[in-house]
There are 2 protein chains.
Amino acid sequence: MKVTIYDVAKEANVSIATVSKVLNNSGRISEKTRKKVKQIMKELNYQPNMLASALMGKQTKTIGLLIPDLANPFFSELARSIEDRGNELDYHLVICNTDYNNAKENRYLSLLKQKRVDGFILASGFEKLDKVQELISEEIPVVIVARDFPMFSVNAVALDDFTGGYLAAKHLVDLGHKNIGVIARDLWSNRERLRGFHHVLAENHLTLNPNFQFVNEVDHIKAGRNMAAKYIHSDNRPTAIFACNDLLAAGVIQMAKELGLDIPQDLSVVGFDNTSIVSIIEPPLTTIAQPIQNMGKEVMDLMVSIINEEKDAKSRVTLLPSLVLRKSTKKIT
Amino acid sequence: MKVTIYDVAKEANVSIATVSKVLNNSGRISEKTRKKVKQIMKELNYQPNMLASALMGKQTKTIGLLIPDLANPFFSELARSIEDRGNELDYHLVICNTDYNNAKENRYLSLLKQKRVDGFILASGFEKLDKVQELISEEIPVVIVARDFPMFSVNAVALDDFTGGYLAAKHLVDLGHKNIGVIARDLWSNRERLRGFHHVLAENHLTLNPNFQFVNEVDHIKAGRNMAAKYIHSDNRPTAIFACNDLLAAGVIQMAKELGLDIPQDLSVVGFDNTSIVSIIEPPLTTIAQPIQNMGKEVMDLMVSIINEEKDAKSRVTLLPSLVLRKSTKKIT
DNA sequence: TTGAAAGCGTTACCAT
DNA sequence: ATGGTAACGCTTTCAA
């Protein structure tokens, strides 16, 4: 059967208190007994039961990660980088796919709370904030990542989406484009990107292509294709399209090519995220890069520092996007 | 503070035993008290502590998933499908990236054992099987997925890799190719695919392009590029390449195009996995499809049935790959 | 139908 | 330096 501290204690002729102390390097134990106990633990292949110690108030060393969709490269790369840092810091991740579905979000939150995770990293939509609010009032550590809630005080590491949109628009406008379409889902971050985008347009006395509207298909590639077709078939076809993520951009490029357009000659397109698929796309996609690795590290570090109460003030880390030039945009002639 | 069964019991004027019973729908409780207790639980917003109940021998409802790399589309899609099924069955997933590194694998195993996960789903390499063997002898449920261990009796849901290789070779040979290159990492599943591949070649008195050798870069796209360059520059250039995953194939296509070859006119390429990136590749990739959704469901179902001891005999589910024709292969002329 | 009490495997305080 | 023991929050007999 499972070996417990009792077994170790008996075998080593000490009390369980002593065993517990050598386990945690706490209290004062003579070098001699420490050696002996450790020895016995090896022999018996003793594995401490974390459930019991967590029940006594210690950490579970487990973080809940709520993410919209692991099959989306941006999120899987983000999850990967968070897990990497977690591993270094000895935390495990319970990863949950929410599909931006509020009911799923809430269900996961409540279930993981019952499992007493040490904290939550939220990368999901959470258009309804009440449950998140609840976590906070219960003093459960929460960090938001890749999703901003400017209206409400919570720890977060986010991208400066406004700047992202700004950069994209600036690049396109600098290339001489005057009729630009945008493709985006109706998410907070995208509204920010649009704000940045509009800012540049306004500076240049330009306006968005009037066919713009938010898309809502879950399959991003398909969404990109459909919206691209709509833009291309309209009687006032844009010369450039800014897609709010790389998958959308991939769809745009696909459809544009199928409709006989040359990228970037007939249509410039810039994506967002800089996931690993950008180099697969033909032509390689010019995109606004999110520093995914960094983001993962920052969010995990922030989480852990909150858990350890190293900082009581809420803090917010904002990372900057950057423009990565490849081959999908071109100066207008 | 945290509300426990004691609080609920007190408030409802019953014993904690009664509360526990209504919680688990066990024992016989009068409808009246059941109602009352449930009512109080609502009011107090009582959340049962799973740590405590797991400590008493109940399940943790958590499964450890060891996977090589979440940033690889095949694995993230697989993880996604496993998690989906887990969610339906009320299990959470702790996801760990192993990078095919045996030390990491073992470390995760031991840590998750301490957390008393109900079982392990292993999608990682595990070239050293001792720790897996150990799990089995400790009667901890284990299922292997997307990775076969024919030599050793363990529950598994795997792809018929031999058939996968067979299908790829058959397709290429049917198109008239006689000089075919292969690109693969040295993994068990790839050795099987090669076996199936060779089988077809032998049937047709053909032999593999002699420049073949296993690759081992971790960056698959890069690996595909490098190996493709090698094949293309050799003085006996293959007319077709079988890449053992889609990423590798993407690299091949990229490099081939950079070197001025037309796909599929000058070089046919078939991939493996049928991940979502295939439709982004130009031209769309002909590939051997793994039924990823199915695989995720099967593995989770198998896991749960083992946990619930619905089957004591080891079982092994083998799924069949299929050829998906797209535009990257062409009849030789 | 309900409740008392004995665990589950730890930690931590207080003695010794 | 070491050990006894009361928690932690729950489940599960066994009595009542």
Side-chain angles (χ1 to χ4, degrees), chain A residues 1-41 44-62 110-118 138, chain B residues 1-38 40-41 44-62 110-118 138 140:
Chain A
M1 270 307 303
K2 271 281 143 212
V3 15
T4 73
I5 29 174
Y6 283 93
D7 303 314
V8 176
K10 186 184 299 172
E11 197 70 18
N13 288 309
V14 293
S15 72
I16 61 166
T18 304
V19 177
S20 174
K21 278 168 196 151
V22 346
L23 209 51
N24 300 288
N25 281 305
S26 60
R28 353 214 90 268
I29 299 289
S30 73
E31 200 46 41
K32 185 160 155 260
T33 42
R34 176 186 308 284
K35 275 269 178 338
K36 178 160 75 186
V37 171
K38 288 208 162 177
Q39 163 70 17
I40 303 284
M41 297 200 301
L44 270 46
N45 188 24
Y46 166 67
Q47 307 263 67
N49 183 330
M50 286 203 62
L51 295 176
S53 73
L55 186 56
M56 285 301 296
K58 299 196 93 179
Q59 296 180 26
T60 55
K61 290 288 183 179
T62 304
S110 131
L111 257 26
L112 291 183
K113 251 159 69 174
Q114 299 183 181
K115 293 192 178 172
R116 297 301 188 269
V117 295
D118 295 329
E138 287 166 348
Chain B
M1 268 309 303
K2 271 281 143 210
V3 15
T4 72
I5 29 174
Y6 284 93
D7 303 314
V8 176
K10 185 183 300 173
E11 197 70 19
N13 286 309
V14 294
S15 73
I16 61 166
T18 305
V19 177
S20 174
K21 278 167 196 152
V22 346
L23 208 52
N24 300 288
N25 281 305
S26 60
R28 350 215 90 269
I29 300 289
S30 73
E31 201 45 42
K32 184 159 158 261
T33 42
R34 177 187 308 284
K35 275 266 175 347
K36 180 161 74 186
V37 172
K38 288 209 163 176
I40 304 283
M41 297 200 301
L44 269 46
N45 187 26
Y46 167 65
Q47 308 262 67
N49 183 331
M50 286 204 62
L51 295 177
S53 72
L55 187 56
M56 284 300 297
K58 300 194 93 179
Q59 296 179 24
T60 54
K61 290 288 183 180
T62 304
S110 129
L111 258 26
L112 291 182
K113 252 158 69 173
Q114 300 183 181
K115 291 191 179 173
R116 298 300 187 269
V117 295
D118 295 329
E138 286 167 350
I140 298 176

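A, B, ... follow the sequence lines: proteins, then strands. Residue 1 opens every chain.
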Between [N] ([atom2]) and [X] ([atom1]): distance, integer Å:
{"X": "Gln47(A)", "N": "dT10(C)", "atom1": "CD", "atom2": "C1'", "value": "15 Å"}
{"X": "Glu31(A)", "N": "dA1(D)", "atom1": "CD", "atom2": "P", "value": "11 Å"}
{"X": "Leu51(B)", "N": "dT11(D)", "atom1": "CG", "atom2": "C1'", "value": "15 Å"}
{"X": "Met50(B)", "N": "dT11(D)", "atom1": "CE", "atom2": "C1'", "value": "13 Å"}
{"X": "Ile5(A)", "N": "dT11(C)", "atom1": "CD1", "atom2": "P", "value": "6 Å"}
{"X": "Asp7(B)", "N": "dC8(D)", "atom1": "CG", "atom2": "P", "value": "11 Å"}
{"X": "Lys10(B)", "N": "dG3(C)", "atom1": "NZ", "atom2": "P", "value": "15 Å"}
{"X": "Gln59(B)", "N": "dC8(C)", "atom1": "CD", "atom2": "C1'", "value": "16 Å"}

**Message:** What's Ile29(B) touching, base or sugar-phosphate or nothing? Going by heavy atoms closer than 4.0 Å.
**Reply:**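 Here Ile29(B) touches the backbone only, sparing every base.
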
**Message:** Classify Leu55(A) by what it touches in the nucleic acid, base, sugar-phosphate, or nothing, heavy-atom distance under 4.0 Å.
**Reply:**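 Contact class for Leu55(A): base.
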
**Message:** Regarding Glu138(A) and Lys113(A), does a basic nitrogen lie under 4.0 Å from an acidic carboxylate oxygen?
**Reply:** yes

**Message:** Checking Lys10(B) now: which residues fulfil side-chain contact (heavy atoms from CB on, under 4.5 Å) with it, not counting sequence neighbours?
**Reply:**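 Partners of Lys10(B) under the side-chain contact (heavy atoms from CB on, under 4.5 Å) test: none.
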
**All side-chain contact (heavy atoms from CB on, under 4.5 Å) counterparts of Thr4(B), not counting sequence neighbours** =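 In terms of side-chain contact (heavy atoms from CB on, under 4.5 Å), with neighbours along the sequence ignored, Thr4(B) is linked to Tyr6(B), Asp7(B).
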
**Item:** 5'-most by nearest nucleotide on DNA chain C - Val19(A) or Ser15(B)
**Value:** Ser15(B)

**Message:** Here's a test of your reading of the structure: between Thr18(B) and Arg116(B), which maps to the more 5' nucleotide of DNA chain C?
**Reply:** Thr18(B)

Counting only side-chain nitrogens and oxygens, does [X] get under 4.0 Å of the OP1 or OP2 atom of [N]?
{"X": "Tyr6(A)", "N": "dG3(D)", "result": "no"}
{"X": "Ser30(A)", "N": "dT2(D)", "result": "yes"}
{"X": "Thr33(A)", "N": "dA1(D)", "result": "no"}

**Request:** Using only heavy-atom distances, determine whether the side chains of Lys58(B) and Asn24(B) contain a donor-acceptor pair under 3.5 Å.
**Result:** yes

**Request:** Determine whether the side chains of Thr62(B) and Lys115(A) contain a donor N or O and an acceptor N or O closer than 3.5 Å.
**Result:** yes

Below 3.5 Å is the cut-off: list the nitrogen or oxygen pairs between protein and nucleotides 12-15 of chain D, distance only.
none

**Item:** Donor-acceptor contact present, side-chain Asp118(B) to main-chain Gln59(B), <3.5 Å
**Value:** no

**Message:** Within the structure provided, determine whether Met41(A) and Val22(A) are in side-chain contact (heavy-atom separation under 4.5 Å).
**Reply:**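 When only atoms from C-beta onward are counted, Val22(A) and Met41(A) do touch, with a gap below 4.5 Å.
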
